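Worksheet for the structure shown next.
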Amino acid sequence: MAKDNLTAVLHGIEDLRLEQRPIPTISDDEVLISMDSVGICGSDVHYLTHGRIGHFVMTKPMIIGHESAGVVAKVGSNVRNLVVGDRVAIEPGYPCAKCVLCKEGKYNLCADMVFCATPPYDGNLTRYYKHPANFCFKLPDHVTMEEGALLEPLSVGVHACRRANVGLGSKVLILGAGPIGLVTLLVAQSMGATEILITDLVQDRLDVAKKLGATHTLLLNRNDSAEKMQQLIHDIMSEAPDRAIDCCGVETSTRVAIFSTRSGGIVVVVGMGAPDVKLPLFDALAREVDIRGVFRYCNDYSRALALVAKGKVNIKQLVTHHFDIKETAKAFETSRYGLGGAIKVMIHVQPRNTNNPVKF
Ligand code: NAD
Ligand code: ZN
């Protein structure tokens, strides 16, 4: 185990540095984690390129990274659920646990949420990181550290499908075949959806979706009208989908999602784009199409872990590239420009697979 605390710190736009940071001191409810695997998310790249996402603005250097797993190196005196040596996935946000939303169980909406690599809070692309023990999920022996890290985006997919009430026989339209669209596809399949059409503007991404089991894929042309896109979708699915999950974050895709969905159906918007967009609200109202938001996840980590541990979802196939923490700059470049068909880029804080048991 390394004794240094090499850490990836974002100092500002286009200024990501590797530097030493002190090893954190834990409190009674926390664990110290020797970090193992950290995936790069679109939001990490966005902070690198823009220094902000919406009203989350960087005003000081921030440790990057939040899709992560590691090994417990030390436990606080109150910790009962973990022991030193446990391999854990880290749910990267923890709420106040006191407010009305937390009491109602909607802790993802807590105004005092501390979330890794969301300003002003540090992330965990570092060798040693501390976290509340009750937001760490012990991985069974056969689940790898990479899979543990991937529970983060997978939990977004679980939350989106739960918000959409996907169930047995659902006909689901997913817009966008980026990492989030793809995890949503995997979860929708596992929840019983029998027909899934996924769209994108890039054929390579659709090829991946097809390999992952999408019933249909549709390459859209960015210049087509929403009406034309809707027609293409209905032609392929032979009738309107009852669920649409927008994983793009652009106005056109949300418009298409609303127009395409069957009357009485549900549109879930996961993609986050411009703060103000033009949507066909009357169409949604007059046909009782519910439009629902998604903010990260809430009580979804254990479900995501169960899906992976029981072999219901093969999440590791989304990882296309691996880098050592010392190659963080290259890893970000690969993710940012989609080099080599990059989908999910994984950074290894420890040499790859050293904390993984032999697969059987
Ligand atoms: P991504 O950029 O890798 O993928 C988006 C995909 O959508 C791309 O493949 C792109 O080609 C495709 N696309 C763009 N416009 C399209 C259109 N009109 N029709 C069809 N496809 C189109 O991003 P990602 O990492 O997969 O994340 C997707 C979105 O989800 C982002 O907006 C991200 O901010 C958001 N997100 C939201 C949450 C949340 O809690 N709500 C969590 C994670 C990510
Ligand atoms: Zn709260």
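Atoms within a ligand are numbered from 1 in the order they appear, just like the ligands themselves. Excluded from the calculations below are hydrogen atoms, water molecules and symmetry mates; all remaining heavy atoms, backbone and side chain alike, are included. All of these numbers come straight from a predicted model, not from anything done at the bench.
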Is the shortest N/O to N/O distance between Val156 and ligand 1 below 3.5 Å?
-> no
Per side chain to side chain contact (heavy atoms under 4.5 Å, CB included), Met145 is matched among Leu139, Val349, Thr354 by Leu139
What atoms of ligand 1 come closer than 4.0 angstrom to any heavy atom of Gly176?
-> 7 (O), 21 (N)
Hey, are Glu327 and Arg352 close enough for a salt bridge, meaning a charged N less than 4.0 Å from a carboxylate O?
-> no
Number the atoms of ligand 1 from 1 as they appear, then name those within less than 4.0 Å of a heavy atom of Val294, with their elements.
-> 39 (C), 40 (O), 41 (N)
Quick one: pull up CD1 in Ile325 and OG in Ser37 and give me the separation to the nearest 0.5 Å.
-> 11.0 Å
Under 3.5 Å donor-acceptor, His11 side chain and Arg17 backbone | no
Report, as a single number, the protein N, O or S atoms less than 2.8 Å from the Zn ion (ligand 2).
-> 4
Atom 11 (O) of ligand 1 has as its nearest protein heavy atom Asp200 OD1, 2.6 Å
Are any side-chain N or O atoms of Lys210 and backbone N or O atoms of Thr215, one a donor and one an acceptor, separated by less than 3.5 Å?
-> yes
Which heavy atom of the protein is the closest neighbour of atom 5 (C) of ligand 1, given with residue, atom name and distance?
-> Cys247 O, 3.9 Å
Given Ile40, Ile64, Asp36, the one that forms side chain to side chain contact (heavy atoms under 4.5 Å, CB included) with Ile347 | Ile40
Listed once per pair and sorted, the salt bridge (Lys or Arg N to Asp or Glu O under 4.0 Å) pairs that draw on residues 151-166, sequence neighbours left out | Arg162-Asp300
To the nearest 0.5 angstrom, please state how far the OG atom of Ser77 sits from the CZ atom of Arg80.
-> 7.5 Å
Heavy atoms only: which of His46, Arg296, Met272 is nearest to atom 31 (C) of ligand 1?
-> Met272
Heavy-atom nearest neighbour of atom 19 (N) of ligand 1 within options Leu220, Val208, Val45 | Leu220
Provide, to 0.1 Å, the distance between atom 30 (O) of ligand 1 and the closest protein heavy atom, together with that atom's residue and name.
-> Gly271 CA, 3.5 Å
Can you measure from OH (Tyr121) to OH (Tyr94) and round to the nearest 0.5 angstrom?
-> 8.0 Å
For atom 2 (O) of ligand 1, is some protein heavy-atom partner under 4.0 Å away?
-> no
Heavy-atom donor-acceptor pair, Asp15 side chain to Leu10 backbone, under 3.5 Å | no
Listed partners of Lys228 passing salt bridge (Lys or Arg N to Asp or Glu O under 4.0 Å), at least two apart = Asp224
Please say whether Val250 places an N or O atom under 3.5 Å from an N or O atom belonging to ligand 1.
-> no
For atom 15 (N) of ligand 1, what's the nearest protein heavy atom and its distance?
-> Leu201 CD1, 3.5 Å
Between Thr126 (side chain) and Thr7 (backbone), is there a donor-acceptor pair under 3.5 Å?
-> no
Indicate every side-chain donor-acceptor pair of residues 164-178 with a distance under 3.5 Å to a residue at least two apart or in another chain.
residue: Ser170; atom: OG; partner: Gly167; partner atom: N; Å: 2.8
residue: Ser170; atom: OG; partner: Gly167; partner atom: O; Å: 2.9
residue: Lys171; atom: NZ; partner: Glu195; partner atom: OE1; Å: 3.2
residue: Lys171; atom: NZ; partner: Met237; partner atom: O; Å: 3.2
residue: Lys171; atom: NZ; partner: Glu239; partner atom: OE2; Å: 3.1

Within-cut-off N or O pair, Phe295 and ligand 1, under 3.5 Å | no
Atom 20 (C) of ligand 1: which protein heavy atom is closest, and how many Å away?
-> Thr199 OG1, 3.5 Å
Top protein contact for atom 23 (O) of ligand 1, by heavy-atom distance | Pro179 CD, 4.5 Å
Location of contacts on Cys248 toward ligand 1, heavy atoms closer than 4.0 Å = both
Do the side chain of Asp86 and the main chain of Val83 share a donor and acceptor less than 3.5 angstrom apart?
-> yes
Would you say Gly181 has any N or O atom under 3.5 Å from an N or O of ligand 1, going by distance alone?
-> no
To atom 35 (C) of ligand 1, the nearest of Val270, Ile180, Asp246, Val202 on a heavy-atom basis is Val270
